[in-house]
Amino acid sequence: MKIAPSILSADFSDLKGAIAMCQSAGADYLHIDVMDGHFVPNLTIGPVVLKSIRPKTDLFLDVHLMVTNPDELVEPFVKAGADNITFHIEAVDNPIEIIKKIKSFNKQVGISIKPKTPIDALNPFLEKIDLILIMSVEPGFGGQQYISESTDRIKKLDGKLKILGIRKQVILEVDGGIKLSNTKLVKESGADIIVAGSAIFKTDDPHKTIEKFKNI
Ligand code: DX5
Ligand code: ZN
């Protein structure tokens, strides 16, 4: 199982240490939650923080934009070192333009979908993107409970991509409320990558916890 620790739950006063720990524990992606206080009721980090993280790690930087103006933030995050940029389908009227913009920088592009948004909203874009970020909590905070209906949504998207013959082209990433106890269920439903924040950083030994996730 591929694992993307979310640094939102890390100790921000020691981000360098947290990132080094993730890398040595074998994390695949580093998940960067960007919140603007508008799209979600929380405010986190901007490109300036990513710029200081980039030289400290060669982990794949997975930027999750929970903002109302993703198109204006694509270039600043690309310049800061993002490898993947995921924006929310609920935040924009012109997903195609933003997909084109991210691809014009040769970066991986993802679209995220909130728990209550119908998965069919993604239909026009499935053949144009590299990754779907399925939110299994309402975006905005770490430490929330996994929404059980998410399992069915993962299965439906997995099936839809298989029917379209593009399952190998599109990565399914699941974000929110992931624990060691529900990872097997999420994996068997079709997830390729899981994001985990509190389930890693709020444990006594985050390094060992990442290893446990990797071995599920
Ligand atoms: C929530 C974020 C998640 C969050 C995950 O809006 O997008 O990435 O940090 O944290 P946990 O794993 O604690 O739910
Ligand atoms: Zn996230």
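Note that ligands are numbered from 1 as they come in the structure, with each ligand's atoms numbered from 1 the same way. All heavy atoms count here, side chains included; hydrogens, waters and symmetry mates do not.
Listed by number with element, the atoms of ligand 1 under 4.0 Å from a non-hydrogen atom of Gly176 are 14 (O). Set against the non-hydrogen atoms of Met66, the atoms of ligand 1 under 4.0 Å away are 6 (O), 7 (O). Numbered from 1 in the order shown, with element, the atoms of ligand 1 that lie under 4.0 Å from a heavy atom of Val195 read 8 (O). In summary, the atoms of ligand 1 found under 4.0 Å from a heavy atom of Met35, numbered by their order in the structure, are 6 (O). With ligand atoms numbered from 1 in the order given, ligand 1 contributes 7 (O) to contacts under 4.0 Å with heavy atoms of Met135. Applying the 4.0 Å criterion to heavy atoms of Leu8 picks out, from ligand 1, the atoms 9 (O). Every atom of ligand 1 with a heavy atom of His31 under 4.0 Å away is listed here by number and element: 8 (O). Interface atoms of ligand 1 facing Ala196, defined by a heavy-atom separation under 4.0 Å, are 12 (O).
Contact record, Gly140 with Met66: N-SD, 4.3 Å, taken as the closest heavy-atom pair. Heavy-atom minimum distance, Phe87 versus Pro70: CB-CB, 3.8 Å.
Nearest protein heavy-atom neighbour of atom 12 (O) of ligand 1: Gly197 N, 2.8 Å. The shortest contact between atom 8 (O) of ligand 1 and any protein heavy atom is with Asp175 OD1, 2.7 Å. Protein heavy atom nearest atom 10 (O) of ligand 1, with residue, atom name and distance: Gly142 CA, 3.6 Å. Taking atom 13 (O) of ligand 1 as the reference point, the nearest protein heavy-atom neighbour is Ser198 OG, 2.5 Å. Distance from atom 1 (C) of ligand 1 to its nearest protein heavy atom, with residue and atom name: Phe141 O, 3.5 Å. Nearest non-hydrogen protein atom to atom 2 (C) of ligand 1 is Asp33 OD1, 3.4 Å.
More than 12 heavy atoms of other shown residues, nucleotides or ligands fall within 6.0 angstrom of atom NZ in Lys56.
At a cut-off of 3.5 Å, with distance as the only test, a side-chain donor of Ser6 or Asp33 sits close to an acceptor on the other residue. Using a 3.5 Å distance cut-off with no hydrogens or angles, the side chains of Asn84 and Thr86 do pair a donor with an acceptor. Defined by atom type and a distance below 3.5 Å, a donor-acceptor pair is present between the side-chain atoms of Thr209 and Thr203. Side-chain contact, Asp58 with Gln23: a donor N or O sits under 3.5 Å from an acceptor N or O.
The minimum distance between the Zn ion (ligand 2) and any N, O or S atom of Asp175 involves atom OD2. Restricting Asp33 to its N, O or S atoms, the one at the least distance from the Zn ion (ligand 2) is OD1.
Ion pair Lys168/Asp192 not flagged as a salt bridge, since none of the NZ, NE, NH1 or NH2 atoms sits closer than 4.0 Å to an Asp/Glu carboxylate oxygen.
For the pair Gly140 and ligand 1, the shortest N or O to N or O distance falls below 3.5 Å. Polar contact check, Gly177 against ligand 1: a nitrogen or oxygen pair lies under 3.5 Å apart. Below 3.5 Å of separation, one finds no N or O of Ala199 facing any N or O of ligand 1.
Contact annotation: the side chain of Lys103 approaches that of Asp130 to within less than 4.5 Å [non-hydrogen atoms, C-beta and beyond]. Proximity of Ile89 to Leu122: side-chain heavy atoms (C-beta onward) are separated by under 4.5 Å at one or more points.
The Zn ion (ligand 2) lies at the vertex of an angle of 100° between the ND1 atom of His64 and the NE2 atom of His31 (rounded to 10°).
The cationic atom of Lys114 (NZ for Lys, CZ for Arg) lies less than 6.0 Å from the six-membered ring centre of Phe39 and within 45° of the ring axis.
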Practice task
Quick one: do Lys116 and Glu138 satisfy salt bridge (Lys or Arg N to Asp or Glu O under 4.0 Å)? Show the steps, please.
Solution key: CA-CA 9 Å; Lys116 294 195 183 76; Glu138 278 301 325; 3.6 Å; yes
